[in-house]
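One structure is given here, and the rest of the page talks about it.
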Amino acid sequence: MNKYRSHTCGELTIKDKNKTISLSGWINKKRDHGNLLFLDLRDNYGITQCLIENSHPQFKELEKLSLETVIKVDGKVSERSKDTVNKELNTGEIEISVISYKILGHTKELPLPVFSDQEYAEEIRLKYRFLDLRRKKIHQNIILRSKVISFIRSEMEKLGFLEFQTPILTSSSPEGARDFLVPSRLNPGKFYALPQAPQQFKQLVMMSGFDRYFQIAPCFRDEDARADRSPGEFYQLDIEMSFVEQENVFEVVETLMKKIFKKFSNKKIIYESFPKITYSEAMLKYGTDKPDLRNPLIINEFTEIFKREDVSFEIFKKLVKSGSIVRGIIVKNTKDKPRSFFDGIDKWAKEQGASGLAYFTIEKDSLLKGKGPVGKFFSSESIEKIMEISKANVGDSVFLACGKKNEIEKILSQARDKIGDELKLINHNTYAFCWIIDYPMFEKDENTKKINFSHNPFSMPQGELKNLDISNPLEIKAYQYDIVCNGVELSSGAIRNHIPELMYKLFSIAGYSKEEVDKKFSGMINALSYGAPPHGGIAPGIDRIIMLLAGEKNIREITMFPMNQNAQDLMMNAPSEVSEDQLKELNLSVKKKK
RNA sequence: GGGGGUGUAGCUCAGUUGGUUAGAGCGAUCGCCUGUCACGCGAUAGGUCGAGGGUUCGAGUCCCUUCACUCCCGCCA
């Protein structure tokens, strides 16, 4: 092939027997028998066992080399005897008898071993990321990521989409996350912002007449990290389409997702046609707008039960009188579960900051009755009603939460996950996609009582536009949707508002004057006034798709060079201080934090 | 900004109720070993127990402060 190798470390087989070859790679592992040395040579493509005996003049030197030294081996391909074949390796039927070797790259003592399945502290992995990335699992994850992205590009092109780049240096926008700012040298005192998403640009692409756009788009948000959320930057499959309705966007994304997940995973997609669940239904049945549909548990509304005379659960009744609501989860066939299971859930709920979960199991001798700490407060008629509402059976249990709507949504949604997990109700070999639709256009901030856009301010409200009742903004629904898989929010999207007058009206509800809208969204609002096509789109998160495919819980496992939780790159030492000269040129001075 | 977890040898970890000289495996170094594939066997080196302060006759262990990493809440239209 060239002066370094004739083959890679993953390709030689019995067919190459007796060939003289050369390989280059890292010393993955040595097994030194004193007079006989086995050496596993590794590159991106695989591992090949090399063999040298003590009669060889270079034996003593080779024996001393550290693991991870990069060497070139010239040798002969030999067939292994039947009893020494390694079935784990593609190259396991052969080995290389070393004729000569040469060091290409020395190594210092390793701060972390490459050949090991152990877990390592994040700090050391990030500082020596180039070593970490040599390890098998993460190496394969990164290769998977590359292949998925490449597949997405080719599928999107087949679907008639064109990929365009949009600016990285753009303007700060008032909505949404904190911006990363970049000072402008030529415009002292002014700043660019890195895009939180190419939202306005992709709409401008539509107004520019390009019809179908996509981009593997870098997005920058200065917000705190989570296990599934990189600090700083992440990638979206940004999509926008002209002259479409919601269904057309769904069709493209469903087609694409099914192709990706079938190609890159063996796990089964439960719903070939992704279920569509309205936002309000999702909040009721699952307590969240990103439900894990692999989990069969459903939340039911039981407030009415606590208004009955024949229910004497006074704590809940009192709260209901003062406006609280009661919802609960039915857990099937739990009559044989030990008391510790129920108490464990209750204790867990209290640890989550809730006031706990009341529970009882439905039993029947002559009459229906509740077994458990609060069971005695329920008449058999009220239990019958509970069973009617929730389709529960004798032998099932009810976990009840009482409180404000958003509080009990939160705790019951967590309880669904917790109980589903404990009772092993979740099939981890499946993907359950769904669409969440009909998001409200606005929401009320409970602290400030101010009305805000609940998602994207550029979404199109539903219904006849001339009849739009702006006096009751919280009732307005938007053509706004999310796609969710296994409880992971992959993306949100919307049919956009392409009518400038309507845009001003909606922004005014959220407290923005026409002048402010003109100033903040000048590029887009201006473009909307010169013949804008109806359009809409979506932006599935690439990182989360890869996480689902790789079965990883942490986004760093599928990111080549991630930052730590404090948004620092420990390998490159970013962020870092800059010189006085650099600051001066940018007309900046830094206030030292005390 | 708030809450939880972790921090002991290069790496992964153990260390009991506060009590002698802080241990193991891997790695490193040296020696032995011709069929291993997590090779095996023996020896040696390697420690600011994250840092600082306190309690105590005595602190890896208890208390306070602080730092780092991580998970979660807030935040992420």
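Nucleotides B:G50 and B:U6 have their C1' atoms positioned 11 Å apart, rounded to a whole Å. Separation of the P atoms belonging to B:G2 and B:U56 is 32 Å when rounded to the nearest angstrom. Taking the C1' atom of each, B:U44 and B:G27 are spaced 14 Å apart, rounded to whole Å. Separation of the C1' atoms belonging to B:G31 and B:G15 is 32 Å when rounded to the nearest angstrom. Comparing B:A43 with B:U36, their P atoms sit 25 Å apart, to the nearest whole Å. With both ends at atom C1', the span from B:C72 to B:U16 equals 32 Å, rounded to whole Å. Of the C1' atoms belonging to B:A59 and B:A22, the separation is 13 Å, rounded to the nearest Å. As rounded to the nearest Å, B:C63 and B:U17 have P atoms that lie 14 Å from one another.
Taking the six-membered ring for Trp and the full ring otherwise, the centers of A:Tyr439 and A:Tyr481 sit at least 6.0 Å from each other. In this structure, A:Tyr504 has its ring center no closer than 6.0 Å to that of A:Tyr512.
Heavy atoms of A:Glu95 sit under 4.0 angstrom from at least one base atom. Within 4.0 Å of A:Phe115, counting heavy atoms only, lie sugar-phosphate atoms of the nucleic acid but no base atom. Backbone-only contact: A:Tyr120 has heavy atoms under 4.0 Å from sugar-phosphate atoms and none from a base. Using a 4.0 Å heavy-atom cutoff across all strands shown, A:Ser116 reaches no nucleic acid atom at all. Within 4.0 Å (heavy atoms only), A:Asn566 reaches sugar-phosphate atoms of the nucleic acid but no base atom. When heavy atoms are screened at a 4.0 angstrom cut-off, A:Asp117 is found touching no nucleic acid atom at all. In this structure, A:Pro111 reaches the sugar-phosphate backbone alone: every heavy-atom distance under 4.0 Å involves primed, P, OP1 or OP2 atoms, never a base. Residue-level contact check: A:Asn554 touches the backbone only, with heavy atoms under 4.0 Å from sugar-phosphate atoms and none from bases.
In this structure, A:His33 packs face-to-face on the six-membered ring of B:C39, meeting both the 5.5 Å centre cutoff and the 30° plane limit.
Distance alone, capped at 3.5 Å, is enough to place a donor-acceptor pair between the A:Asp16 side chain and the A:Thr13 backbone. Without hydrogens or angle criteria, A:Ser454 side chain to A:Glu443 main chain gives no donor-acceptor distance under 3.5 Å. With A:Arg229 contributing its side chain and A:Asp224 its backbone, the two residues share a donor-acceptor pair below 3.5 Å. Side chain of A:Arg178 to main chain of A:Asp222: a donor-acceptor pair is present (N/O by atom type, distance under 3.5 Å, no hydrogens or angles).
Using a 4.0 Å cut-off between a side-chain N of Lys or Arg and a carboxylate O of Asp or Glu, A:Asp238 and A:Lys202 qualify as a salt bridge. Between A:Asp43 and A:Arg5 there is a salt bridge, since a side-chain N of the basic residue sits under 4.0 Å from a carboxylate O of the acidic one.
Listed by residue number, A:Gln49, A:Leu51, A:Glu53, A:Asn54 are the residues of residues 43-54 of chain A with a heavy-atom contact under 4.0 Å to RNA chain B.
Look at A:Asn28 and you won't find any side-chain N or O under 4.0 angstrom from OP1 or OP2 of B:C37. Within the 4.0 Å cut-off from OP1 or OP2 of B:C11, not a single side-chain nitrogen or oxygen of A:Arg125 is found.
Side-chain polar atoms of A:Asn486 and A:His428 form no donor-acceptor pair below 3.5 angstrom.
In a base pair of the Watson-Crick type (N1 to N3 plus N6-O4 or O6-N4) or a G-U wobble (N1-O2 and O6-N3), with each distance short of 3.5 Å, B:G7 is matched with B:C67. Pair check for B:C41 finds B:G31; Watson-Crick or G-U wobble, both atom distances under 3.5 Å.
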Any protein N or O atoms within reach of nucleotides 25-29 of chain B? Criterion: under 3.5 Å, listing atom names and distances.
none

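Of the candidates B:C33, B:U12, B:G74, the closest approach to any side-chain atom of A:Asp224 belongs to B:G74.
Both A:Ser81 and A:Glu88 lie close to RNA chain B; mapped to their nearest nucleotides by heavy-atom distance, the more 5′-ward contact belongs to A:Ser81. Between A:Gln565 and A:Ala177, the residue anchored closer to the 5' end of RNA chain B is A:Gln565, taking for each the nucleotide with the nearest heavy atom.
For A:Asn406, the CG atom counts as densely surrounded, since its 6.0 Å shell holds more than 12 non-hydrogen atoms of other residues, nucleotides or ligands.
One interatomic measurement links the two molecules: CD of A:Glu63 to P of B:C39, which rounds to 15 Å at whole-angstrom precision. In this structure, A:Arg556 atom CZ and B:U70 atom P are separated by 5 Å, rounded to whole Å.
One donor-acceptor pair, N or O on each side, does fall under 3.5 Å between the base of B:C76 and the side chain of A:Arg229.
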